[in-house]
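Data block below; observations after.
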Amino acid sequence: MKTAMRFTARGLAALVLGLIAVGTTWAADVAGTWHAEFDTQIGLQKYVFVFKQDGSAATGRAEADIAGHKRTVELDEVKLAEDAITFVEIFAFQGSEIRIEYTGQVAGDEIQFTREVGSFATEMFVAKRGAPGTAPSDNDEAPARPTRRGPPNFGPPPELGPDDKPAFPPAPEGFDVRRNKIARGKVETVEYDSKSVGIVRKLSVYAPPGYSKDEKYPVLYLLHGLGGNHRQWLQPGQADVIMDNLYADSKAVPMIVVMPNGRASADPPGPNPFEDRPFETYAAFEADLLNDVIPFVESHYSVRADRQYRAIAGLSMGGGQSLNFGLNNLDTFAWVGGFSSAPNTKSAKELIADPTKANEQLRLLWVSCGDQDGLMRISQSFRRDLKQMNVVHIWHVDSGGHTFPVWKNDLYLLAQLLFKNEKGPSS
Ligand code: FER
């Protein structure tokens, strides 16, 4: 009886152990510090990953360094299964969060990683386990969620040349703060039938204070950045507040500001704008703008339908669109501005075949960028080409990164020049 009992208990124990062994996968040892370097679109990145591990559960964080520009990165959804490790880095990007997905194969003191920034970029690199004491910071405690993820500047602060300085003083304090007791323009959302995209699409339209059908107004087409839509220039851009304040101070010519959706696709946007074939969808907006948006605006508002009274400006992807579309269509636009223009920007040499003619047609060509913006090289080389071709333009280097404070300031400055006699200082 006793023997049988013991046998049964042992059998049970063996059974339980066997079940545990079947139900649990082993996990490679990743605890510690790992160093990696890899090339990306924005330059060489150095990462130091630190993982804490308890069996097959792990947490991690990293310190990322691009040309001496450091940021702490929280690693989410860390999972271990046999020799595989996966985790996600959340990259804050203009109000949305981009997932950077890592998949690694652990082999002793090396992890072979694939790093996917949507379908936008894939990098492969090897991380090597570091010697003890090479942790990224003195405090190797469990990762604390950073209160603020690094600014999405797409790289380290740029190198500034002697010409890379502001053309204007910054906007005064409060330029983007709604004031009481001033006349306000009217903002509305309207729908138009886009033949180019094949769907009904939305526009935000700002009509200046005192808008009257008895007058005809010039129009600024104001384009948003990647991941934005027809509302981005209102929130967070506050274009209506900025314009209202300019009018209250008699600083701008009454104009209509049209804020379209520059992502020309019939498909709804996905969670990751970098995955969205951004170059194609933003380039496709040229046809929608010329063939659908402008005719709609000119048939529904009291506007001057003439190139001298049409301006196009935008931020980042919208800056690239404005330079590309504006300079490619000087018979449609006489005023063109790019703020912190993105990698979708074509080269000035490609866009301007005849510099003499461009100078005759352009009333204003504005190129600006923040002095901390990792995309600065795009504006710098654009401006270098303009200078070489003797195309008259304004080059304004703002202070700040790839962020709205810079773009709001640019709108404040540019709006004061539009539809006046400005040709701008040739610089
Ligand atoms: C890129 C970096 C920035 C890119 C687009 C952006 C598609 C756009 C930024 C923005 O619109 O704010 O490499 O490629």
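For ligands, and for the atoms within them, numbers begin at 1 and follow the listed sequence.
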Geometric class of the Phe296/Tyr192 ring pair [parallel <30°, tilted 30-60°, perpendicular >60°]: tilted
Could you tell me how the ring of Phe404 sits relative to the ring of Trp407: parallel (under 30°), tilted (30 to 60°) or perpendicular (over 60°)? perpendicular
Distance filter under 4.0 Å to [X] heavy atoms, resulting ligand 1 atoms:
X	result
Pro278	7 (C)
Gly225	11 (O)
His402	9 (C), 10 (C), 12 (O)
Phe279	7 (C), 14 (O)

Only pairs at least two apart or in different chains count here, so list each salt bridge (charged side-chain N to carboxylate O under 4.0 Å, His left out) that has a residue in residues 326-337. none
Just distances here: any N/O of Ser316 and N/O of ligand 1 closer than 3.5 Å? yes
Should Met317 be counted as touching ligand 1, given the test is an N or O pair under 3.5 Å? yes
Quick one: do the His402 and Asp373 side chains pair a donor with an acceptor below 3.5 Å? yes
Region of Leu375 that comes within reach of ligand 1 [heavy atoms, distance under 4.0 Å]: side chain
Can you tell whether the side chains of Arg201 and Asp292 come within less than 4.0 Å, N to carboxylate O? no
Gln380 side chain to Glu159 main-chain N or O, any donor-acceptor pair under 3.5 Å? yes
